[in-house]
Amino acid sequence: MTDPVTPANRIRALRTTISYHDHRYHVLDDPEITDDTYDALFQELVALETAHPELITPDSPTQRVGSTPLDGLAKVIHRVAMLSIDTVTDVAEFHRRVTEALGEPEIDYAAEPKIDGVAVSLTYHDGVLIQVATRGDGREGEDVTAQARTIASIPLRLLGEHHPQRLEVRGEVFMTLESFDRCNATALAQGEKPFANPRNAAAGSLRQLDPRVTAQRPLRLFCHGVGEVAAAAWPLTHAAMMAQFQQWGLPVCPEATVVSGVAGCRDYYQQLAAKRDQLPYEIDGMVFKVNTLAWRERLGFVARAPRWAAACKFPAREALTVIEAIDIQVGRTGTLTPVARLTPVGVGGVTVTNATLHNFEELARKDLRVGDTVRVRRAGDVIPEVVAMLPERRPADSLPVPLPTCCPVCQTPVQRSEGEVAIRCMEGFFCPAQLKEAIRHFASRRAMQIEGLGDRLVTLLLEAELIRNVADLYQLHRIPDRLAALERMGTKSADNLLAAIEESRNRDLARFLFALGVREVGEATAASLARHFQTIDALMAASLTELQGAGDVGPVAADRIWHFFREPRNRIVIDRLLAEPATAWHQAATRHTTDNHPLAGATVVLTGTLTTWSRQEAKARLEALGAKVTGTLSSRTRFLIVGASPGSKLTQARSLGVEVLHEAEMMTLVNQT
Ligand code: IVH
């Protein structure tokens with residue numbers, strides 16, 4: 001027998017359907033219906049509830065966001081204290097204590113990431129969410145029910161059946177790294193202060209007095225335990241309890257698992273540590289908990305922590321240190337970059353002594369001065385970053401860093417072009433700092449690939465005045481003795497270097513163009529120019545219009561190239577290089593295989609919306625050419641490919657020095673056979 005279609009019945013059915021689809025979308029990340037279909041269901045429910053306000057209940061999906069800001073957050077006394085976890089450096093020690101206390105030799109542990117978020121307690125009465133509170137000091141927290149109700153992955157009513165009469169679920173509210181980046185980008189765009197890290201963002205968003213603001217913040221929840229439960233039957237293990245939570249629509253961390261003994265814990269630690277940089281959220285370690293719930297009762301508590309759980313921390317990614325000096329570095333293209341020299345400090349497993357401050361605008365925005373105590377952050381192999389300074393620790397006599405007026409290396413007045421953040425020394429190869437970087441770039445692996453010609457050697461060659469520009473490299477074979485006499489050199493190393501220089505005569509036009517280090521001409525543009533013009537003579541003779549019409553060369557790059565070849569001081573060096581005998585760089589290479597495709601072996605990250613292909617298709621196409629497509633930027637990333645609305649990855653790529661390709665440039669590169 002079917003129910004008659006009364007408004008009340010239809011409302012009930014709609015709520016069940018909508019809650020089911022909310023769960024599929026927000027918890028399982030696996031929607032079954034289109035957004036349009038969902039919206040239609042939701043609108044139908046809104047319309048019915050508007051017509052029958054007496055049928056509105058707090059657990060209706062329409063009632064997530066209230067409309068009135070609160071005066072303050074009420075206190076909540078936890079009926080069962082929210083404990084902390086003991087941190088151990090060695091799981092064997094924890095395991096020994098557990099086995100001794102239980103007299104059981106073999107123990108299974110529930111193993112979970114320790115989510116870096118805000119601990120909360122969610123209370124359900126007969127399956128309906130009635131209260132959400134923060135942990136606070138463990139005994140007393142704050143009521144954040146109105147705010148937490150806006151978190152889409154938190155069920156307002158539990159799915160399934162057999163709900164306990166009272167259930168207090170505990171978990172962690174957090175923000176994914178992607179959402180955090182987006183939130184901060186929005187904050188900056190609106191002239192607001194960005195959050196220092198995802199945990200602060202989650203805490204700040206959850207404790208907002210206006211729940212409508214919380215609703216704008218993409219918060220998530222993972223459940224990891226219970227407080228008070230009044231239920232007829234209850235699972236026997238933590239893992240079974242988590243499975244039951246999932247049945248009820250409560251989100252659980254997908255990395256959670258069960259392991260056996262010390263070996264199992266150690267394996268899991270290794271696996272998770274290796275995965276840390278790929279996870280979409282921050283974790284600060286992992287938690288091991290005795291899986292059998294009855295054993296937990298026997299183990300009990302000491303002080304403020306249970307004896308049945310232990311946390312193993314990962315190296316912290318943030319630390320406090322002091323700025324000892326702010327130096328200015330001159331890059332290959334003349335950009336002046338402020339660099340903070342720091343009191344050495346361990347962050348993320350390495351000692352950090354320097355951090356780039358990116359540019360002077362950023363320096364001013366972060367208001368950093370010598371003597372400031374700052375929070376530094378290093379995630380994975382990403383370069384260390386100064387996140388913020390601690391105003392309360394600023395020395396009274398500190399002064400702001402003045403904007404440079406001259407290049408710190410060649411003393412020439414610097415320029416700041418309109419619409420550009422960068423302050424530049426315009427001396428090009430005539431500034432020793434830029435010359436050194438230009439030679440290093442010329443010799444680097446993806447350019448002329450002169451093995452062994454690194455930073456130290458370039459400095460030595462310049463200081464001994466054996467070279468004054470890149471063309472001089474090809475004359476070094478005339479003075480092998482002077483080369484061998486360089487510090488830590490010797491005949492053998494000198495011979496090796498000369499052989500490597502000779503070998504670099506085989507580089508083709510694309511590499512040669514890239515090696516010249518023209519601003520705005522990255523590998524992709526260089527390859528595209530080489531393909532279009534085929535010979536260096538044709539390229540050098542090309543007009544501005546011709547350059548702009550060449551493949552994907554943009555107007556700015558075209559302009560730079562045109563001027564580069566018309567600058568007399570550049571021409572002297574280029575003409576000398578072109579006069580070198582037995583070189584392959586006058587012409588584009590003719591033979592290509594996938595192996596020497598610029599994408600072969602390259603790590604690539606995609607961001608923003610692509611128009612030609614879907615993300616998936618782009619990934620497949622790039623991988624077919626030998627690229628490795630990942631989600632996280634690091635200094636090892638070869639290209640960041642940007643579509644529309646790229647967001648914070650673009651800024652990050654720039655600060656990491658990762659080459660940025662627009663979609664059209666990617667297509668050119670892909671089509672390069
Ligand atoms: S279990 C009595 N599991 O870490 C043990 N806690 O120091 C109850 N946390 O504020 C906590 N991820 O909210 C547990 N997978 C996880 C966790 C986790 C993060 C937080 C927790 C608490 C702190 C304990």
Side-chain angles (χ1 to χ4, degrees), residues 332-333 427-519 521 523 526-527 529-530 533-541 561 564-591 596:
R332 176 168 68 82
T333 56
E427 282 298 283
F429 297 155
F430 299 89
C431 167
Q434 288 177 66
L435 174 64
K436 186 178 140 191
E437 291 306 317
I439 297 173
R440 276 181 55 182
H441 170 75
F442 184 83
S444 66
R445 187 131 46 88
R446 292 198 294 267
M448 300 302 274
Q449 198 181 0
I450 305 178
E451 296 296 339
L453 188 51
D455 193 19
R456 193 186 74 90
L457 203 48
V458 171
T459 310
L460 277 180
L461 289 170
L462 285 168
E463 279 173 0
E465 295 185 13
L466 298 191
I467 59 170
R468 258 161 302 153
N469 53 51
V470 290
D472 289 343
L473 289 171
Y474 296 92
Q475 303 301 320
L476 284 175
H477 65 90
R478 298 176 197 277
I479 47 166
D481 297 346
R482 290 187 61 193
L483 194 58
L486 288 177
E487 189 191 315
R488 287 201 273 156
M489 194 65 170
T491 330
K492 188 146 189 301
S493 302
D495 285 350
N496 287 343
L497 177 64
L498 290 174
I501 293 173
E502 286 310 299
E503 205 275 326
S504 72
R505 290 176 192 265
N506 297 323
R507 306 295 169 253
D508 65 7
L509 179 59
R511 279 200 182 227
F512 180 72
L513 287 177
F514 174 59
L516 290 179
V518 187
R519 256 171 78 192
V521 179
E523 249 171 315
L529 285 166
F533 291 101
Q534 289 292 312
T535 69
I536 184 93
D537 294 329
L539 171 64
M540 293 203 297
I561 298 159
F564 185 87
F565 287 122
R566 272 146 198 88
E567 150 71 52
R569 299 185 294 188
N570 289 345
R571 267 314 269 269
I572 296 172
V573 178
I574 294 163
D575 287 346
R576 279 184 54 208
L577 283 168
L578 295 181
E580 279 296 324
T583 58
W585 54 57
H586 298 82
Q587 282 198 348
T590 45
R591 195 178 54 83
N596 60 25

Asks: Can you name the nearest heavy-atom pair linking Ala447 to His441, along with the distance?
Replies: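 Taking every non-hydrogen atom into account, CB-O, 3.2 Å.
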
Asks: Please check if atom CZ in Arg468 has more than 12 non-hydrogen atoms from other residues, nucleotides or ligands closer than 6.0 Å.
Replies: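 Open.
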
Asks: By salt bridge (charged side-chain N to carboxylate O under 4.0 Å, His left out), which residues pair with Asp537, not counting sequence neighbours?
Replies: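 With neighbours one apart ignored, the set is empty.
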
Asks: For Leu578 and His586, what are the C-alpha separation, side-chain angles and deciding distance, and is it a side chain to side chain contact (heavy atoms under 4.5 Å, CB included)?
Replies: CA-CA 7 Å; Leu578 295 181; His586 298 82; 4.0 Å; yes

Asks: Under the side chain to side chain contact (heavy atoms under 4.5 Å, CB included) criterion, do Leu466 and Leu486 qualify, and how do the steps go?
Replies: CA-CA 10 Å; Leu466 298 191; Leu486 288 177; 4.1 Å; yes

Asks: Less than 4.5 Å apart, any side-chain heavy atom of Met540 and any of Ile536?
Replies: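 Sidechains of Ile536 and Met540: in contact.
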
Asks: How close do Arg576 and Asp472 get, heavy atom to heavy atom, and via which atoms?
Replies: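 That closest heavy-atom pairing would be NH2-OD1, 2.8 Å.
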
Asks: Taking all atoms of both residues into account, what is the closest heavy-atom pair of Leu457 and Gly452, and its distance?
Replies: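 Distance-wise, the nearest heavy atoms are CD2-O, 3.5 Å.
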
Asks: Quick check: do Arg505 and Pro581 have side-chain heavy atoms less than 4.5 Å from each other?
Replies: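 Yes; the side chains approach each other to less than 4.5 Å.
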
Asks: Look up atom CD in Gln587 and atom OG1 in Thr535, then write down how far apart they are to the nearest 0.5 Å.
Replies: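 It is 7.0 Å, given to the nearest 0.5 Å.
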
Asks: Donor-acceptor pair, distance only, cut-off 3.5 Å: does the side chain of Asn506 make one with the backbone of Glu503?
Replies: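 Such a contact is found between Asn506 side chain and Glu503 backbone.
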
Asks: Could you tell me whether the side chain of Leu476 reaches within less than 4.5 Å of the side chain of Arg482, counting heavy atoms only?
Replies: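 No - every pair of side-chain heavy atoms lies 4.5 Å or more apart.
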
Asks: Side chains of His477 and Leu483: closer than 4.5 Å at any heavy-atom pair?
Replies: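 His477 vs Leu483: side chains apart.
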
Asks: Return the minimal non-hydrogen interatomic distance between Gln434 and Thr333, and the atom names on each side.
Replies: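 Closest approach of Gln434 to Thr333, heavy atoms only: OE1-C, 3.6 Å.
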
Asks: Which heavy atom of Pro480 sits nearest a heavy atom of Leu498, and at what distance?
Replies: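 Shortest heavy-atom separation between Pro480 and Leu498 comes out as CB-CD1, 4.2 Å.
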
Asks: Tyr474 and Ser504: side-chain donor and acceptor closer than 3.5 Å?
Replies: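 Short answer, yes.
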
Asks: Could you tell me how the ring of Trp585 sits relative to the ring of Phe512: parallel (under 30°), tilted (30 to 60°) or perpendicular (over 60°)?
Replies: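 Trp585 and Phe512: parallel rings.
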
Asks: Can you check whether Val458's main-chain N or O pairs, donor with acceptor, with Asp455's side chain at less than 3.5 Å?
Replies: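 Absent.
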
Asks: Sequence neighbours excluded, which residues qualify as salt bridge (charged side-chain N to carboxylate O under 4.0 Å, His left out) partners of Glu437?
Replies: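 Salt bridge (charged side-chain N to carboxylate O under 4.0 Å, His left out) list for Glu437, sorted by chain: Arg440.
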
Asks: Could you measure the distance from the CE atom of Met448 to the CD1 atom of Ile501? Nearest 0.5 Å is fine.
Replies: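 Answer for the CE-CD1 pair, Met448 versus Ile501, is 10.5 Å.
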
Asks: Assess whether side chain to side chain contact (heavy atoms under 4.5 Å, CB included) is satisfied between Leu516 and Val573, documenting all intermediate values.
Replies: CA-CA 10 Å; Leu516 290 179; Val573 178; over 6 Å; no

Asks: Rounded to the nearest 0.5 Å, how far apart are OG1 of Thr459 and CD1 of Ile439?
Replies: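 Taking OG1 in Thr459 and CD1 in Ile439, the distance rounds to 9.5 Å.
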
Asks: Is there a side-chain contact between Glu580 and Gln475 in this structure, where contact means two heavy atoms from C-beta onward sitting under 4.5 Å apart?
Replies: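 Touching, per the 4.5 Å side-chain cut-off.
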
Asks: How long is the straight-line distance from CD of Glu465 back to CG of Leu460, given to the nearest 0.5 Å?
Replies: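 Reported value, rounded in 0.5 Å steps: 13.0 Å.
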
Asks: Taking side chain as C-beta onward, heavy atoms only, is Leu473 less than 4.5 Å from Leu453?
Replies: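 SC-SC contact between Leu473 and Leu453 confirmed.
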
Asks: Within a radius of less than 6.0 Å around CZ of Arg566, do more than 12 heavy atoms belonging to other residues, nucleotides or ligands occur?
Replies: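 Count over threshold, so yes.
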
Asks: With a cut-off of 6.0 Å (strictly less than), are more than 12 heavy atoms of other residues, nucleotides or ligands near CZ of Arg456?
Replies: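 Above 12, so yes.
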
Asks: If you take all heavy atoms of Phe429 and Leu435, which pair is closest and at what distance?
Replies: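 The pair with the smallest heavy-atom distance is O-CB, 3.4 Å.
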
Asks: Counting C-beta onward and ignoring hydrogens, is there a side-chain heavy-atom pair between Val518 and Leu513 closer than 4.5 Å?
Replies: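 The answer is no; the side chains never approach within 4.5 Å.
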
Asks: Hey, what do you get for CD (Gln534) to CG (Leu539), rounding to the nearest 0.5 Å?
Replies: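 Answer rounded to 0.5 Å: 11.5 Å.
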
Asks: Contact between Phe565 and Asn570 at the side-chain level, heavy atoms closer than 4.5 Å - yes or no?
Replies: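 Heavy-atom side-chain distance check fails, nothing below 4.5 Å.
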
Asks: Measuring from Arg569:CZ to Ile574:CD1, what's the distance to the nearest 0.5 Å?
Replies: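 Spacing of CZ (Arg569) from CD1 (Ile574) equals 13.0 Å.
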
Asks: Could you go through Arg332 and Arg519, starting from their C-alpha distance and side-chain angles, then the distance that decides it, and tell me whether this counts as side chain to side chain contact (heavy atoms under 4.5 Å, CB included)?
Replies: CA-CA 9 Å; Arg332 176 168 68 82; Arg519 256 171 78 192; over 6 Å; no

